[in-house]
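Reading through the structure tokens given below for one structure.
Every chain is numbered from 1, with letters handed out A, B, ... down the list of sequences.
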Amino acid sequence: MRTVTRSFLRYLVRRRSLSLLQLMGIAFGVAASLGMAFSAMSALASFTHAIEYLQGKSTHSLERNAGPMDEAILQGLISDPSVESFSPVIDRRLRVADGSQIRILGIDPFLDTAIRPELARTSFSDDRRKGSEESLSFVLEEKAVLMEAGMAQHLNLAAGSKIWSSHGELEVIGTFPNPSGEPLLLMDIAHAQKLFNMPGLIDRVDLVLAEEQEFRNRWKTGFQIKSNRQRQETFTAMLGAFRLNLEALSLMALFVAVFLIYNTTMFAVVSRRRDAGILRSLGASRGEIILAFMTEILIFGVIGGAVGSVMGYILSRLLTEVIGGTISNLYFFLRPVPLAWSFWMPAAGVLIGCGASVLGSIFPLIELARLDPVKALYGRSVSRRGDLAAKKVAASGMLILLLSAAVFLLPSNSIYTAYGALFGVLFGLSLLTGYIVIVCSPFLTGFLTGLGGIPGKIAAGNIRRNLGRTAVAVAAFMVALSMSVGLSLMIGSFRESLLWWMDRQFQGDLYISNASEKEVPESFYLELKSMPGIAVDAYRKTQMTYRNRPMFVSSVNAPVLQRYASFAWLSGGDEHWEAVKKGDVIISESFARNFGVGAGDIITLEGMQGPARLRVEAVFYDYSTEHGLVMMDRGTYLRLFADRTINSVAVFLDPGNPRRPHILDQIRQKARQHGLPVSNREQFYGNILAIFDSTFAITRSMRFLAIIIAFFGIAGALMTLFLERKSEYGILRALGLSTGQVALMTLLEAIGMGIMSFLLSAGSGTLFAFILIRVINLRSFNWTIFFHPHLSPYLLTALTALLASFGAALYPIWMVLRTYPQMQIRDD
Amino acid sequence: MLPVLEKHATRDAGQTVTKEEPVTTPVIRVVDLWKIYGEETDGSMALRGANMEIARGKVLALLGRSGSGKTTLLNLLAGLDRPSRGYIEVEGRNLQSLGEKGRTLLRRTRIGFIFQFFNLIPTLSAFENVNLALELAGKSTPAQAFEALESVGLKGKEKRYPHELSGGEQQRVAIARAIVKAPALILADEPTGNLDTATGLQILELLSSRCRDLETSLLMVTHTSMACRFADRVLRMVDGVVIPEDDGEAREIRNEKIESGFPAEKPRHHR
């Protein structure tokens with residue numbers, strides 16, 4: 001048994017280049033999968049740590065359904081028997097000099113010691129004299145802040161430093177360690193109220209409750225009381241679809257890697273066929289041969305997995321920041337800290353690598369187990385059997401496709417079944433590849449012959465004859481290119497839908513403080529409103545819960561939008577605004593699908609005075625949030641929630657106004673005086689598109705990784721063909737083919753496989769895009785994306801296929817140039 | 001076990017016994033063996049009712065042209081393939097009734113195989129190739145492997161890999177691999193087919209002498225008559241049927257070939 005195993009393992013060293021290709025394929029596949037997993041874990045860990053750190057000893061939080069609340073409620077809390085301790089909090093963001101957003105907490109340093117004793121203890125120096133000075137400065141100086149130590153180090157700041165922020169200059173009086181790693185500033189709550197222009201207001205109160213139910217009964221009207229668990233669940237729910245889609249992306253990259261493993265393992269089986277026959281003739285059992293082969297597979301899995309884990313860790317450090325930015329842009333503030341390297345990472349890599357290797361090797365192992373030693377010994381041609389096998393495999397592929405289609409047609413909203421069916425479609429299509437290669441072989445022969453003459457004809461024949469290798473490489477490349485086409489089409493369609501939506505919904509000439517942490521003072525809004533010749537829409541958006549699930553509520557100036565915007569309604573037109581002006585609401589498509597609510601239905605929201613029943617007038621297309629949006633007139637909003645916060649303001653001017661440029665300049669100046677950023681419509685669209693593009697940065701990186709993995713597949717197949725046919729090269733040389741012709745033949749084999757892969761991916765990628773748009777996106781995010789096919793993804797993918805094929809052929813061509821002139825007709 | 005008279009098994013009723021000598025159960029006994037590929041009615045018949053016996057310690061040469069069914073017969077005798085009809089007994093045991101495990105065990109311990117194209121494992125050295133046979137037989141003693149290589153004239157070349165050996169040397173390693181486990185029978189499929197005449201003669205000499213020394217039966221399949229001079233008996237495979245070389249039918253066939261211009265074969269050497 002030991003010698004049997006040794007005989008197999010030595011091939012790994014003999015065929016170093018092929019072994020390396022296989023290792024790299026596994027490593028990249030594991031890297032893609034783990035990179036995504038580590039980034040998601042670091043985001044989750046960061047947000048869990050941040051929440052736990054910020055929660056401290058609190059058990060609950062008390063806040064308004066919308067907007068800040070009057071600090072007068074603290075009087076009520078002092079005397080509430082259920083409250084053991086409490087701490088009022090202002091929780092805001094501001095931007096620092098390097099452009100990044102950070103969280104700033106306004107706290108009462110005395111009350112907060114009961115809630116966050118760690119923070120209080122470490123916030124001030126151990127040096128008692130210095131600590132007292134810091135405490136006094138913290139309370140007395142308006143601009144004094146304490147800075148989280150990691151952030152201070154990053155910005156090269158120490159006690160006494162000044163820091164620029166979007167809310168003015170601040171003074172760092174000390175630093176504190178933050179185990180969660182989240183960049184954080186602390187400020188005295190009174191100074192924070194001034195900084196954020198919210199006199200007498202607080203965002204929430206963190207509580208330690210001795211008893212919950214009675215407290216809820218007393219405070220239920222007009223307030224949200226959340227336990228820490230509920231708060232965490234809300235945040236987790238908001239990330240649900242985002243995380244699922246990230247995981248699906250990484251699985252797709254791993255899927256391609258498994259194909260690659262199948263490809264190279266199948267080659268190994270084929271190249272060991274004769275050895276296996278010899279061993280069987282000497283008395284080795286099937287089990288011994290399979291076990292020897294499994295050892296080889298697991299070695300690849302272990303080494304590839306370990307290398308992949310290191311690559312995945314490096315990738316995760318890059319992706320973590322991207323994910324954090326996306327989450328902050330789309331959901332809630334988060335600055336995740338990359339995970340620290342740990343022993344379980346290579347262990348996870350090895351597990352995934354071995355799992356992928358075993359999965360990719362199942363069919364080759366079955367073939368090895370069924371090996372006929374006589375045929376293996378005497379090398380009987382399997383080309384006819386190969387065609388039959390290709391047809392049988394294609395039939396299985398068709399069956400899987402039909403089953404997957406049936407799953408899609410089931411009346412279900414489950415995203416998991418949708419992804420399962422999507423993988424089924426990809427797998428089914430890849431099983432059809434062999435048969436499609438057979439059918440397209442005459443055309444390929446004609447094309448390659450036209451391209452390269454006799455070498456082209458031989459190349460086409462080689463692709464056809466060696467289906468066991470070429471079909472799998474083509475399938476793997478097709479899957480990767482399909483992902484590229486499909487994701488490009490989906491992103492492009494989404495972008496077009498977004499542009500269409502923005503063009504309908506956002507018709508303002510100027511947007512003040514949009515996509516900014518700065519709120520618009522109501523006084524400034526009223527000042528703008530009073531200016532002649534302009535209309536102003538005050539926009540407020542806040543997160544609430546409906547049926548215990550997160551959603552958003554926004555307020556707008558209905559009369560202004562009725563006049564100036566052209567909303568994208570699912571049905572009907574701008575006549576819906578009449579009902580909105582009277583107190584009805586409109587809901588986004590996502591809200592409608594999420595909660596099964598439609599026009600004419602009644603929804604109940606918790607307002608200041610208790611539950612408020614609101615009639616839904618209409619449904620509109622919206623891409624601002626997948627959790628759903630309820631939009632109402634500002635008057636209705638103020639009546640329900642008494643929240644006068646304005647997140648941003650849109651200014652509309654009549655196009656024919658002769659003083660238009662002057663008025664716009666005037667408004668810009670006024671906004672700058674208030675320190676508010678201003679964008680025109682194009683800039684506003686640009687900001688939204690920038691967020692959109694950054695959101696898909698991860699998708700693009702996964703697409704790129706999948707291409708790399710498939711590239712190794714093509715390269716592996718070419719190396720395989722070269723190594724397998726070395727004995728034939730002696731014959732070609734004897735027949736008179738030159739080195740250049742054989743090198744051309746190798747190149748044309750690569751190009752032939754690349755062309756087949758691209759042509760197949762054009763069709764499968766389009767189908768993939770359609771499924772992503774009509775099923776996956778719909779079920780994940782509950783919004784409709786309109787399919788906008790365009791040429792650029794196909795052109796880009798064709799170029800990728802060509803370059804990858806060319807690149808994959810380089811090493812085999814080099815081997816040909818190096819060894820062909822010495823090749824003779826001999827048995828291997 | 002009662003001694004039985006050695007016979008030449010033929011399809012005819014009459015039997016010719018060249019001499020009477022006390023014999024044990026034959027190592028191999030083949031009775032009415034058929035091998036048909038595809039459907040019985042229109043498939044290709046590689047063997048059509050072959051019958052033969054191989055006595056212990058005897059060397060048999062099986063002549064026949066390409067496609068006559070010689071290799072098919074070898075594969076069936078080794079248990080690598082299954083007959084369509086008929087049966088094979090190896091040392092008195094029905095091969096089919098042994099099952100896959102039993103046949104594997106037989107190949108490990110009682111049967112050695114030598115191929116035309118050597119079929120050494122390319123990633124193993126000469127020593128490792130020979131030791132592999134011992135390891136599979138459960139008798140791994142490195143000294144035995146070294147001795148086997150020495151006995152075939154390859155002392156000092158134990159560490160060389162197949163691609164570092166000439167054709168003749170590779171075949172010597174294959175012989176060492178076959179004989180090292182002291183099998184009851186060695187099946188040699190065209191052992192000199194890939195060698196020049198001089199080397200081929202050396203190999204045949206070595207193979208036959210080692211088998212006689214170990215009292216191992218040897219069945220050599222070949223399409224050249226060079227091997228006949230080393231054989232105790234010569235059989236001929238004609239269209240799937242085994243015929244003794246001095247059978248009238250075989251003579252008739254040989255004459256037909258001479259008349260049609262087929263090169264005449266050398267007379268068979270009788271021992």
Side-chain angles (χ1 to χ4, degrees), chain A residues 1-16 18-19 268 271-293 295-296 369-381 384-385 723-724 726-727 822-828, chain B residues 35 37 46 71-72 74-76 78-82 100-125 127-138 140 142 145 161-163 167 170 174 177-178 180-181 183 187 189-190 193-194:
Chain A
M1 167 84 93
R2 286 195 314 272
T3 311
V4 170
T5 306
R6 206 181 312 148
S7 71
F8 273 27
L9 293 182
R10 283 192 187 158
Y11 276 108
L12 304 187
V13 177
R14 270 209 182 181
R15 289 174 176 163
R16 278 185 291 274
L18 205 56
S19 300
S271 68
R272 314 293 164 75
R273 216 191 284 265
R274 205 175 86 166
D275 285 8
I278 296 168
L279 290 166
R280 296 278 285 124
S281 73
L282 294 176
S285 67
R286 284 186 215 275
E288 284 168 331
I289 292 170
I290 288 169
L291 213 55
F293 203 61
T295 308
E296 183 182 325
R370 288 184 185 165
L371 181 80
D372 183 334
V374 172
K375 287 183 179 149
L377 279 171
Y378 298 100
R380 296 226 180 102
S381 166
R384 284 192 63 193
R385 211 179 110 223
L723 291 169
E724 264 192 335
K726 264 174 141 174
S727 54
Q822 292 85 37
M823 280 184 186
Q824 294 155 22
I825 301 172
R826 64 172 64 216
D827 187 43
D828 187 6
Chain B
K35 178 67 183 178
Y37 295 103
T71 302
T72 304
L74 279 193
N75 290 327
L76 289 169
L80 291 172
D81 202 355
R82 299 173 78 158
E100 181 57 36
K101 248 184 155 177
R103 288 192 289 273
T104 301
L105 197 60
L106 205 68
R107 285 195 295 277
R108 283 184 189 185
T109 56
R110 305 307 290 156
I111 297 177
F113 223 124
I114 299 170
F115 302 90
Q116 178 182 358
F117 292 104
F118 326 130
N119 278 348
L120 300 179
I121 305 289
T123 51
L124 299 178
S125 65
F127 166 77
E128 287 168 333
N129 266 286
V130 175
N131 196 50
L132 175 63
L134 287 173
E135 213 174 88
L136 287 168
S140 182
Y161 285 87
H163 66 274
Q170 288 188 57
R177 183 176 67 183
V180 73
K181 58 191 174 185
L187 304 170
D189 188 2
E190 312 264 11
N194 212 32

Please state whether the side chain, the backbone, both or neither of A:L282 comes within less than 4.5 Å of a heavy atom of chain B.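 For A:L282, heavy atoms of backbone and side chain both lie under 4.5 Å from chain B.
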Contacting region of [X] [heavy-atom separation from chain A under 4.5 Å]:
X	answer
B:F118	neither
B:R103	neither
B:K181	side chain
B:E100	side chain
B:L120	backbone

So B:N129 and B:P162, do their side chains get closer than 4.5 Å, heavy atoms only?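 In short, these two side chains touch, coming nearer than 4.5 Å.
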Output the option from B:K101, B:Q116, B:H163, B:R177 having the highest count of non-hydrogen pairs under 4.5 Å with chain A.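 Looking at each of B:K101, B:Q116, B:H163, B:R177 in turn, B:R177 comes out on top.
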Look at B:L80, B:T109, B:T104, B:N119 and state which one has the largest set of heavy-atom pairs under 4.5 Å with chain A. B:N119
When rounded to the nearest 0.5 Å, the distance separating CZ of A:R273 from CG of A:D372 is 10.0 Å
Interatomic distance, CG@B:L136 vs CG@B:L105, rounded to 0.5 Å, equals 11.0 Å
Exam field: side chain B:N194 to backbone B:F117, donor-acceptor pair closer than 3.5 Å: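 No, the answer is negative, given that no donor and acceptor are paired below the 3.5 Å cut-off.
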So does A:R14 have more than 12 non-hydrogen atoms from other groups sitting under 6.0 Å from CZ?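 Yes, because the 6.0 Å sphere around CZ of A:R14 holds more than 12 heavy atoms from other groups.
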Could you walk me through whether A:R10 and B:L124 pass the side chain to side chain contact (heavy atoms under 4.5 Å, CB included) check? CA-CA 8 Å; A:R10 283 192 187 158; B:L124 299 178; 3.9 Å; yes
Among A:S7, A:G283, A:A284, which residue forms the greatest number of heavy-atom pairs with chain B at distances under 4.5 Å? A:G283
Looking only at non-hydrogen atoms, find the nearest pair between B:Y37 and B:A46 and report the distance.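 Shortest heavy-atom separation between B:Y37 and B:A46 comes out as CE1-CB, 3.7 Å.
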